[in-house]
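Hydrogens, waters and symmetry mates play no part in the numbers below; they use all other heavy atoms, side chains included. By convention in this document, chain letters (A, B, ...) are assigned in the order of the sequence lines, proteins followed by strands, and residues within each chain are numbered from 1.
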2 protein chains.
Amino acid sequence: MRVTVTSNTPTARRSERRLVTHAAILDAARSLFREGGYQRTTIRAIGREAGVDPALVIQHFGNKEALFEAASEIDFDLAEALPGPRDELSARVLEYMLTQLDKEPDALLATLRSMLTHQQAAHAARCAFLDDGATKISGVLDGEDAGLRSSLICTMLVGLMVTRHLLKLDDIVQAPTERLIELVEPCLRSLVEPERRLSDHG
Amino acid sequence: MRVTVTSNTPTARRSERRLVTHAAILDAARSLFREGGYQRTTIRAIGREAGVDPALVIQHFGNKEALFEAASEIDFDLAEALPGPRDELSARVLEYMLTQLDKEPDALLATLRSMLTHQQAAHAARCAFLDDGATKISGVLDGEDAGLRSSLICTMLVGLMVTRHLLKLDDIVQAPTERLIELVEPCLRSLVEPERRLSDHG
DNA sequence: GTCTATACCGTGATAGAC
DNA sequence: GTCTATCACGGTATAGAC
């Protein structure tokens, strides 16, 4: 168990206990949703992990959907990587994503884990880094098909998140962040500046 | 319903009927696993879709796991894209993947859909296009980090499969296959030939 | 021999009693 | 704030109908 509320001191005021319980449940939920995805994670298991009765979980969050929503609230905004020299845009975006993910944020990984099999997670993923991320990037690109190219950049980022943090491919997991940036940056660059793509040189 | 066995003619020989039923179940299973993933798809729903009693589903395949395994047998081998001029390797790999996927093969999409939340699907994905695919590609690459670079190529392919065929991002879905090849080929090329990557030119 | 009806047992979500 | 009861559902086994 990662957190239990049994450690609440008897003298703790009720409202404090309530907050601790709330946090413990959220924490347990995030952890389990992250590892197993939405469907395989049960309220009972969340209660167990949090050291709390399953019924209490419902009391705090209403139902499983609402709990998932609360547990998968994401702190990830590609817009933060956009300002700066245009020439280093692809490196900035890539680095932002990799460093955010290297913190292994439970909420974000929970969303990613479930995005293929759960509507709400799919929607959250779009908002966080697919549709919305692409729109943001698209704003600083020019040339033909800026929308499509931005979507492709996001596609590559998602691919990397999936293989590195969910499927955990050996090579990708073990590679140092800097090496990944080195290798992937040219990929993104070719989408940022399609007019300068390699085939024009070779 | 996509297929029912009620259309079996009464005069059909038993063994034929059995085959038809078998195929109908497999077909229904593939279709449902593809759309909903492993956990959300129930034996009962598969039976309904196939116009067959749920118990019969078990009789034919033993259990849900075995049915999934049978339904998600994949016909996809990157090795087919490897032979040929080295200069066009990235284009061949990309085109192979895109054309295979554009046929929307149920079994492959079922595997992809479940790979983040189901062990067996994850394993199948590794065998089909991640670990094994990377190993195969790695064989024809040279230079530093051939293994990592092959894995990254597969990563990009997976990203594309996911956004185009599962999450169905508008831009990516609507883009013609040829345009996708045009835009993504330079990405892969930069991984095939890292020594010639764009940053060396700019 | 092929399929159907039904039942069993576990589990999960949730509501209501304590 | 905790425990227990309920109710639906899912996977699977079995008995018998065709």
Mind checking salt bridge (charged side-chain N to carboxylate O under 4.0 Å, His left out) for B:Asp142 and listing every partner two or more places apart, or none if nothing turns up? B:Arg86
May I have the distance from B:Ile25 (atom CD1) to C:dT2 (atom P), rounded to whole angstrom? 13 Å
Keeping to residues at least two apart or across chains, list the ring pair (Phe, Tyr, Trp, His ring centres under 6.0 Å) pairs with something in residues 97-117 of chain B. none
Does B:His60 put a side-chain nitrogen or oxygen below 4.0 Å from OP1 or OP2 of C:dC3? yes
Under 3.5 Å, which N/O atoms of the protein pair with N/O atoms of nucleotides 16-18 of chain C?
none

Ring pair (Phe, Tyr, Trp, His ring centres under 6.0 Å): pairs with one or both residues in residues 143-167 of chain B, sequence neighbours excluded: none
Taking the minimum atom-to-atom distance to the side chain of B:Arg18, which one of C:dT14, C:dT2, D:dG1 wins? C:dT2
Listed once per pair and sorted, the salt bridge (charged side-chain N to carboxylate O under 4.0 Å, His left out) pairs that draw on residues 119-141 of chain A, sequence neighbours left out: A:Asp77-A:Lys136, A:Arg126-A:Asp131
Sorted by chain and residue number, the salt bridge (charged side-chain N to carboxylate O under 4.0 Å, His left out) partners of B:Glu104 (sequence neighbours excluded) come out as B:Arg34
Distance check needed: C:dG1 C1' versus B:Leu56 CG, whole Å only. 12 Å
Protein and nucleotides 8-12 of chain C: nitrogen or oxygen contacts under 3.5 angstrom:
| unit_1 | atom_1 | unit_2 | atom_2 | d |
| --- | --- | --- | --- | --- |
| C:dG12 | N7 | A:Arg44 | NH1 | 3.1 |

Rounding to a whole Å, what distance do you find between A:Gln39:CD and C:dA13:C1'? 15 Å
Per the side-chain hydrogen bond (donor to acceptor under 3.5 Å, both in side chains) rule, which among B:Glu193, B:Glu185, B:Glu95 passes with B:Ser90? B:Glu185
Using the salt bridge (charged side-chain N to carboxylate O under 4.0 Å, His left out) rule, collect all pairs that involve residues 146-171 of chain B, keeping only residues at least two apart or in two chains. B:Asp102-B:Arg164
Please state how far atom CZ in B:Phe68 lies from atom P in D:dG11, giving the value in whole angstrom units. 14 Å
Could you tell me how far apart B:Asp53 (CG) and D:dT12 (P) are, to the nearest whole angstrom? 14 Å
Any ion pair linking A:Glu182 and A:Arg179 (charged N to carboxylate O, less than 4.0 Å)? yes
Distance check needed: D:dG1 P versus A:Leu19 CG, whole Å only. 10 Å
Spacing between B:Ile58 atom CD1 and D:dA15 atom C1', to the nearest angstrom: 17 Å
Can I get a per-line list of side-chain donor-acceptor pairs under 3.5 Å for residues 65-76 of chain B, giving both atom names and the distance, sequence neighbours left out?
| unit_1 | atom_1 | unit_2 | atom_2 | d |
| --- | --- | --- | --- | --- |
| B:Glu65 | OE2 | B:Tyr38 | OH | 3.3 |
| B:Glu65 | OE2 | B:His118 | NE2 | 3.3 |
| B:Ser72 | OG | B:Phe68 | O | 2.7 |

When the distance from CZ of B:Arg17 to C1' of C:dT4 is rounded to whole Å, what number comes out? 12 Å
